[in-house]
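Presented below is the structure to which this report refers.
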Amino acid sequence: MKMSLKSERRAIHVDQSELLCKKGCGYYGNPAWQGFCSKCWREEYQKARQKQIQEDWELAERLQREEEEAYASSQGAQGGQTSLGFTKFEEKKSNEKARKVTTVKKFFTASSKSVPKKDMKEAKAPSPSLTRQYSIETDRVSKDFIEFLKTYHKAGHDVYKQCKVFLETIHHKKESNIDELSEFTQDFYQNTADKLQMYWKVPPNKVEEAMDQIEKFIMTRLYKHVFCPETTDDEKKDLTVQKRIRALHWVTPQMLCVPVNEDIPEVSDMVVKAITDIIEMDSKRIPRDKLACITGCSKQIFNAIRITKNEPASADDFLPTLIYIVLKANPPRLQSNIQYITRFCNPSRLMTGEDGYYFTNLCCAIAFIEKLDAQSLNLSEEEFSRYMSGQASPKKQDTDIWDADTCPGVKQMHRNLDLLSQLSERQERIVTGAKKLEKDLIDWTEEVTREVQDIVEKYPLHIKANSQALASIDSENVEDDRLPPPLQPQVYAG
């Protein structure tokens with residue numbers, strides 16, 4: 001069976017320039033970062049944060065001056081003890097100001113260069129709470145990480161030490177905001193990569209390999225604490241997206257202009273594998289492994305398009321097909337996984353390469369699904385509303401044409417769905433007709449009532465009173481005394 005797509009349909013198109021950072025740096029952007037790449041987003045975030053801190057600081061100083069002036073003017077006539085109290089007040093304000101400045105400096109100091117000595121000591125002996133969290137997988141990852149770092153000699157020893165310090169510091173920061181933990185982790189990635197390349201002179205390809213192992217080592221331990229934390233609305237977003245995808249279960253490949261023919265067995269297998277890959281993403285704990293699932297899903301899609309069209313797939317073919325796969329799969333905790341990758345993945349992976357490209361397309365697909373409307377699917381508003389409400393469903397094309405090895409249950413299911421769809425349409429017509437009949441009856445009743453009223457008003461009924469009073473049967477009939485006597489019984493002789 002040959003797949004046919006209507007040429008008049010408007011296919012989904014996203015310009016490749018829209019996938020790049022809107023600052024023009026050439027890296028891939030991300031909707032979670034407002035269209036910026038990881039690097040530019042952090043720069044903008046830091047600028048905005050410094051501006052906010054500066055504004056808050058200026059406001060605090062202005063309020064302090066106004067308070068001091070008001071206090072001085074009201075207490076100017078007093079001396080001695082009042083002056084001493086004001087001096088203590090000024091001293092307290094100065095100490096508070098110094099403390100805030102120190103806090104701000106600590107926040108903007110690179111994490112690898114500002115680790116307190118206390119943290120270094122505590123890092124040598126992991127806390128009992130961290131020890132209890134170790135699982136079989138964690139122990140295996142630790143052993144693999146140590147074996148891997150042995151090939152880096154002194155640099156490997158330094159990296160392991162910094163990782164332990166980082167984990168212990170994160171443990172003390174576990175009550176912090178998730179964005180602060182993400183920023184702290186991204187700083188650690190950047191500082192470690194810079195140190196390996198500049199101080200230890202490690203080649204770039206070896207640095208990338210080391211960063212993958214570092215991410216695996218630390219995120220295996222932090223996964224339970226930073227994936228879908230209770231302090232965020234990630235879970236609420238998951239439920240919203242999942243409900244939205246369920247409501248769009250009726251969307252067909254033809255509506256999205258998907259160039260994939262699932263009647264080809266090889267293509268059908270690839271579609272199933274793509275769905276499996278995107279669903280498996282939730283079972284992975286490391287951001288890189290979750291990205292690998294997205295990449296695997298995307299490659300299956302490209303292969304399915306290539307076999308269907310018998311030519312290399314284009315970007316315009318890929319995005320609609322990815323949207324279709326997401327709708328069919330309805331992956332669990334989709335938004336939580338996207339946020340987790342965005343917050344804690346090695347930023348270089350999201351900024352360049354095929355992982356970054358596929359991840360950016362997945363973010364675009366989710367954004368499209370959230371905003372999908374009638375125009376996006378080349379439908380009328382009425383059709384879209386009926387499909388969304390479940391009042392109707394699109395008719396399946398070629399439902400009577402099946403492969404010889406198609407399961408009879410599947411055929412029966414499609415026939416039943418068609419019958420239900422027809423019954424639903426008939427019921428809707430009957431309900432519409434009944435409502436129309438009810439309205440006609442009401443209108444007819446009102447019209448008859450109105451006509452009768454008009455006739456009554458036009459020809460009123462007048463009843464004339466009788467001039468003579470009717471005599472009562474029991475009264476004395478003077479005038480009727482000449483009435484014949486009543487009949488007398490007669491006797492006949494037999």
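For clarity, every value in this text was computed on a predicted model and none was experimentally measured. Count residues from 1 along the sequence. Values below: all heavy atoms of this structure, side chains included; hydrogens, waters and symmetry mates excluded.
- Atom CD of Glu137 has more than 12 neighbouring heavy atoms from other residues, nucleotides or ligands inside a 6.0 Å radius.
- The distance from atom SG of Cys297 to atom CE of Met270, rounded to the nearest 0.5 Å, is 13.0 Å.
- When all heavy atoms of Gln242 and Pro332 are compared, the pair lying nearest together is NE2-CA, 4.5 Å.
- Although no hydrogens or angles enter the test, the distance criterion places no donor-acceptor pair under 3.5 Å between the side chain of His172 and the main chain of Thr169.
- The CG atom of Asp233 sits 9.5 Å away from atom SG of Cys228, with the distance rounded to the nearest 0.5 Å.
- A donor-acceptor pair shorter than 3.5 Å can be found between the side chains of Thr295 and Asp355.
- Looking at heavy atoms from C-beta onward, Asp158 lies in side-chain contact with Trp200 at the 4.5 angstrom threshold.
- Partner of Phe217 under the ring-ring contact (aromatic ring centres under 6.0 Å, His included) criterion, chosen from Phe145, Phe166, Phe188: Phe145.
- With no hydrogens or angles considered, a side-chain donor-acceptor pair links Thr232 and Asp234 at under 3.5 Å.
- Rounding to the nearest 0.5 angstrom, the gap separating the OG1 atom in Thr192 from the CG atom in Asn346 is 10.0 Å.
- The ring-ring contact (aromatic ring centres under 6.0 Å, His included) search around Phe227 returns Tyr223, Tyr340, not counting sequence neighbours.
- Ser380 and Ala374 make their closest contact through O-CB, 3.7 Å (heavy atoms, listed as atom of the first residue, atom of the second, distance).
- Ion pairing between a basic and an acidic side chain is recognised when a charged N comes within 4.0 Å of a carboxylate O; Glu447 and Arg450 show no such pairing.
- Side-chain contact between Cys293 and Ile278: absent, with no pair of heavy atoms (C-beta onward) separated by less than 4.5 Å.
- Of the inter-residue distances, the one linking Lys195 atom NZ with Gln190 atom CD reads 14.5 Å to the nearest 0.5 angstrom.
- A donor-acceptor pair is defined here as one N or O able to donate and one able to accept, closer than 3.5 Å; such a pair exists between the side chain of Ser424 and the backbone of Gln391.
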Just do the side-chain contact (heavy atoms from CB on, under 4.5 Å) check on Thr231 and Asn177 with the steps written out, would you?
CA-CA 8 Å; Thr231 55; Asn177 183 280; over 6 Å; no
With side-chain contact (heavy atoms from CB on, under 4.5 Å) as the criterion, how do Phe318 and Asn361 come out once you've worked through the C-alpha distance, each side chain's angles and the decisive distance to 0.1 Å?
CA-CA 9 Å; Phe318 171 66; Asn361 272 277; 3.6 Å; yes
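- Looking only at atom types and distance, the side chain of Asp317 has a donor-acceptor partner in the side chain of Ser314 under 3.5 Å away.
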Starting from the C-alpha separation in whole Å, work towards a yes-or-no answer on side-chain contact (heavy atoms from CB on, under 4.5 Å) for Gln213 and Leu149.
CA-CA 9 Å; Gln213 293 296 325; Leu149 291 179; over 6 Å; no
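- Residues Pro331 and Val326 meet the side-chain proximity criterion, which asks for heavy atoms closer than 4.5 Å.
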Begin with the C-alpha distance, continue with both residues' side-chain angles, and end with the deciding distance and a verdict on salt bridge (charged side-chain N to carboxylate O under 4.0 Å, His left out) for Asp440 and Lys436.
CA-CA 6 Å; Asp440 291 343; Lys436 184 177 183 301; 3.4 Å; yes
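- The nearest pair of heavy atoms linking Thr220 to Arg285 is O-NH2, 2.7 Å.
- Taking CZ from Phe302 and CG from Leu322, the interatomic distance works out to 9.5 Å, rounded to the nearest 0.5 Å.
- Within the 4.5 Å cutoff, the side chain of Arg140 has no heavy atoms near those of the Ile136 side chain.
- Residues in residues 289-303 take part in these salt bridge (charged side-chain N to carboxylate O under 4.0 Å, His left out) pairs, two or more places apart or across chains: Lys299-Glu354.
- With contacts defined as side-chain heavy-atom distances shorter than 4.5 Å, the pair Met388/Leu248 qualifies.
- Annotation for Glu311: atom CD counts as buried by contact number, over 12 foreign heavy atoms lying within 6.0 Å.
- No side-chain heavy atom of Asp179 sits under 4.5 Å from any side-chain heavy atom of Glu183.
- Two residues are said to be in side-chain contact when any heavy atoms from C-beta on lie closer than 4.5 Å; Thr449 and Gln453 fail this criterion.
- Between Ile178 and Gln339, every side-chain heavy-atom pair lies at or beyond the 4.5 Å cut-off.
- Among all heavy-atom pairs drawn from Pro287 and Ile341, the shortest one is O-CG1, 4.3 Å.
- With salt bridges taken as basic N to acidic carboxylate O contacts below 4.0 Å, none links Arg386 and Glu425.
- Sorted by first and then second residue, the salt bridge (charged side-chain N to carboxylate O under 4.0 Å, His left out) pairs with a member in residues 201-211 form an empty list; sequence neighbours excluded.
- Atom CD of Glu230 is surrounded by 12 or fewer heavy atoms from other residues, nucleotides or ligands within 6.0 Å.
- Counting all heavy atoms, side chain and backbone alike, Ile245 lies closest to Leu327 at CG2-O, 3.5 Å.
- Arg343 contributes no side-chain N or O that, together with a main-chain N or O of Ser182, makes up a donor-acceptor pair within less than 3.5 Å.
- Without hydrogens or angle criteria, Ser376 side chain to Leu372 main chain gives no donor-acceptor distance under 3.5 Å.
- Looking only at distances, a side-chain donor or acceptor of Tyr189 sits under 3.5 Å from a matching main-chain atom of Phe344.
- Side-chain atoms of Ser298 do not come within 3.5 Å of backbone N or O of Tyr358 as any donor-acceptor pair.
- For Asp277 and Lys273, the salt-bridge test fails: no basic side-chain N is under 4.0 Å from an acidic carboxylate O.
- Closest of all the heavy-atom pairs between Pro320 and Leu256 is CB-O, 3.4 Å.
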Give the C-alpha distance, both sets of side-chain angles, the deciding distance and a yes or no for side-chain contact (heavy atoms from CB on, under 4.5 Å) between Lys216 and Asp212.
CA-CA 6 Å; Lys216 182 178 181 180; Asp212 289 341; over 6 Å; no
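- Enclosure of atom CD in Glu370 by more than 12 non-hydrogen atoms of other residues, nucleotides or ligands within 6.0 angstrom is indicated.
- Side-chain atoms of Glu215 come within 3.5 Å of backbone atoms of Arg288 as a donor-acceptor pair (strictly under, hydrogens ignored).
- One finds the CD1 atom of Ile170 at 8.0 Å from the OG atom of Ser176 (value rounded to the nearest 0.5 Å).
- The one candidate from Asp282, Thr342, Asp238 that meets the side-chain hydrogen bond (donor to acceptor under 3.5 Å, both in side chains) condition with Asn337 is Asp282.
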